[in-house]
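Written out below as structure tokens is the structure these notes cover.
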Amino acid sequence: KNWMMYFLKLEKIFRETWAIALRDIKKESLIQQIIFIFIFLALILLIGNSIDQFFGITYSNMNYTSFLSAGIIVYLIAIASLNVGLDLILDSKGFIKTLLVAPISRISIFLGKILSLIITSSRTFLIIAFLLMIYLNSINLNSILLLLFTCISTILIFVSLGFLIAALIKETKTAQMIINYGSIILFLFSGVFFPIQGFSKIFQYMLFLNPLFYLIEAMRFSFSGNSTIPISIILLIIFILLIIIPFFSVFLFDKMMRK
């Protein structure tokens, strides 16, 4: 009986999760995503190859095209994930509000938002990453697995941070300002454009406090097999972030939903 009860609960969570994810997926335009893929690839290859040709910049046996593309892909996934929190605030009097009176679990909302991002990202950034791997001749089973792990980890961590913002801040303008300024800070202190060895020690320590830095380094390792710090340390830190940040975000989001 207990086994059957747990099975029914899980089945209910799966159904609720898919219903919420499907609602968000239907908002996405496939044509816009295809256009974005072509424009993104064209810009990355144009900028990366131009710098490779004229300046010959290399980083840990990695050309600038792979260096730049890995950073931009992770950054864009992170920003899209952060905006889920803002979407919750904007929708707090609409669809999300109706969930308060519906027999639906809070974990289903959390998982549904994550699932929708994973699916939409797989149609855009994962496709871009795979095409870049083919172009850079760096595609193999290990790199693909690390790529998938990095993308999903980025979504989980930054959706969780978005949920934290949604739980702590009720005003849309304030939350939007925090996400916008936070995005700039994440961008500046993540080493997207330049290797960290060229910066001062203080700036490097600030980079090490940024979770985006480790996700970008993991993506670069999947592209080239090289990173600033050992990949074992990068993966350990990502695993720690995956445990801590989602736990607190779900806890605070659940408290917000109950008010």
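Along the sequence shown, residues carry numbers from 1.
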- Task: May I have the step-by-step check of side-chain contact (heavy atoms from CB on, under 4.5 Å) for Phe38 and Ile34, ending in yes or no?
- Result: CA-CA 7 Å; Phe38 281 108; Ile34 293 171; 3.6 Å; yes
State, to 0.1 Å, how close [X] and [Y] come at their nearest heavy-atom pair, and which atoms those are.
X	Y	answer
Leu241	Pro246	O-CD, 3.3 Å
Thr228	Glu217	N-OE1, 2.7 Å
Phe213	Ser190	CD1-O, 3.7 Å
Val192	Ile72	CG1-CD1, 3.7 Å
Ala129	Leu147	CB-CD1, 3.5 Å

With heavy-atom distances below 4.5 Å as the criterion, would you say the side chains of [X] and [Y] are in contact?
X	Y	answer
Ile39	Ile35	yes
Met133	Ser66	no
Ser153	Leu215	yes
Tyr205	Leu209	no
Leu76	Phe36	yes
Arg220	Ile216	yes
Leu186	Leu82	yes
Phe125	Cys151	no

Enter the distance from [X]:[atom1] to [Y]:[atom2] here, rounded to the nearest 0.5 Å.
X	Y	atom1	atom2	value
Leu242	Leu235	CG	CG	10.5 Å
Ile234	Ile229	CD1	CD1	4.5 Å
Ile44	Leu68	CD1	CG	4.0 Å
Thr150	Leu145	OG1	CG	10.5 Å

Would [X] and [Y] show up in the same hydrophobic cluster when neighbours are defined by side-chain heavy atoms closer than 4.5 Å?
X	Y	answer
Phe67	Ile134	yes
Leu156	Phe239	yes
Ile237	Ile243	no
Val74	Ile184	yes

- Query: In chain order, what residues pass the side chain to side chain contact (heavy atoms under 4.5 Å, CB included) check against Leu41, with sequence neighbours excluded?
  - Reply: Ile37, Ile128, Leu131, Leu132
- With sequence neighbours excluded, tell me which residues meet side chain to side chain contact (heavy atoms under 4.5 Å, CB included) with Phe221. Leu146, Ser227, Ile231
- Determine, stepwise, if the pair Ile77 / Ile73 fulfils side-chain contact (heavy atoms from CB on, under 4.5 Å). CA-CA 6 Å; Ile77 294 174; Ile73 288 170; 4.0 Å; yes
- Would a line drawn from the ring center of Phe158 to the ring center of Tyr75 be shorter than 6.0 Å? no
- Message: Assess the residue pair Phe187 and Leu212 against the criterion (side-chain contact (heavy atoms from CB on, under 4.5 Å)); give the C-alpha distance rounded to whole Å, side-chain angles, the decisive distance to 0.1 Å, and a yes or no.
- Response: CA-CA 8 Å; Phe187 185 72; Leu212 190 63; over 6 Å; no
- Check whether any side-chain N or O of Asn180 sits under 3.5 Å from a backbone N or O of Ile178 as a donor-acceptor pair, and report yes or no. no
- Query: Are the side chain of Tyr214 and the backbone N or O of Phe208 linked by a donor-acceptor pair below 3.5 Å?
  - Reply: yes
- Task: Check each of Val159, Ile240, Ile157 against Ile245 using the side chain to side chain contact (heavy atoms under 4.5 Å, CB included) test, and report the only one that passes.
- Result: Ile157
- Message: If you apply the rule side-chain contact (heavy atoms from CB on, under 4.5 Å), what do you find for Phe223 with Ser69, and how did you get there?
- Response: CA-CA 9 Å; Phe223 275 19; Ser69 57; 3.4 Å; yes
